[in-house]
Amino acid sequence: MSGAVLGIDIGGTGIKGGAVDLGRGRLVGDRLRVRTPRPADPGAVGRVVQRVATGLIARHQLAPRIGCTFPGAVVNGVVRSAPNLSAAWVGVDAAAVLGAAVDAPVTVLNDADAAGLAEVAFGAGEGQAGVVVMLTLGTGIGSAIFLHGELLPNTEFGHIELHGHDAERLASDHTRQRKALSWKRWAQRLSDYLQHLEGLLYPDLFILGGGVSAHATDFIPHLKTQAPVVPARLGNAAGIIGAALAAAPPDRRPSQRLS
Ligand code: BGC
């Protein structure tokens, strides 16, 4: 049996999985990606997670212990919000539903929290003390907040009010694409959002993730903030790696406390 841990990242468009080497914080072999079913209710998503997990467990001879992200708030395995998936998830014990689907223990956590855990352990936030705000800019905006490397889970700062709107409706990458905003125009919206967050949290560092971080040089130079802004380094593997980290036994997790 390999020492890698299986991470699965449930997103609005795709459900992605991979075997994670927790020593080096990277994927072993390729990701497996299946389109998110519609409607994305617990039964349909559970079946896809089961397909992805079974394939990867057999391919990499993984222990049947799984970490899984969810694009909403998750408290003790129970979904509390699912703004970009199916409302049928709200109140559902996702850890129990997915655990039954794959017949293994499943740890479920918010997707941005998972991406942040991975970036702080192995990416752009490695070794960074103080307050780090990781944001994932995709269909929605996810947030993960760290103090000296420790996560405060389920912060949901994508939903603060900005100019009278839900912030993610104004500043997500989805909105940039839908409204065909130039990098500069989108960066103005993003600056407003980051400045608003700065007035609430006074972070030492912002890390921007999501697929759009691959275009960091197009928009980060236009941002006006007090704190430095850096792109995430682990790309679209961050969620998978963070999910695996969350599921790993405590002695296999890198120490994250910095002071
Ligand atoms: C959700 C967050 C999630 C983010 C990215 C937001 O709409 O409320 O929980 O992290 O989208 O998927």
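Since the model is a prediction, treat every value here as computed from it, not as a measurement. Whatever order the structure lists ligands and atoms in, that order sets their numbers, starting from 1.
The number of heavy atoms from other shown groups lying within 6.0 Å of CD (Gln177) is above 12.
Remark: the backbone N or O of Ala243 is not paired with any side-chain donor or acceptor of Thr69 at under 3.5 angstrom.
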Query raised in the report: Could you walk me through whether Lys16 and Asn236 pass the side chain to side chain contact (heavy atoms under 4.5 Å, CB included) check?
Result: CA-CA 9 Å; Lys16 294 128 322 203; Asn236 53 20; over 6 Å; no
Please list, one pair per line, the donor and acceptor atoms closer than 3.5 Å that link side chains of residues 76-91 to other protein atoms, with sequence neighbours excluded.
from  : atom 1 : to    : atom 2 : distance (Å)
Ser81 : OG     : Ala73 : N      : 3.0
Ser86 : OG     : Ala88 : N      : 3.0
Trp89 : NE1    : Ala40 : O      : 2.8

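Residues of the protein with a heavy atom under 4.0 Å from ligand 1 are Pro71, Gly72, Ala73, Pro83, Asn84, Asn110, Asp111, Ala112, Gly140, Ile141, Gly142, Glu156, His159, Glu168, listed by chain and number.
Take His163 and apply the ring pair (Phe, Tyr, Trp, His ring centres under 6.0 Å) test, not counting sequence neighbours, and it matches no residue. Checked against ring pair (Phe, Tyr, Trp, His ring centres under 6.0 Å), Phe219 has the following partners two or more places apart in sequence or in another chain: Trp183, Trp186.
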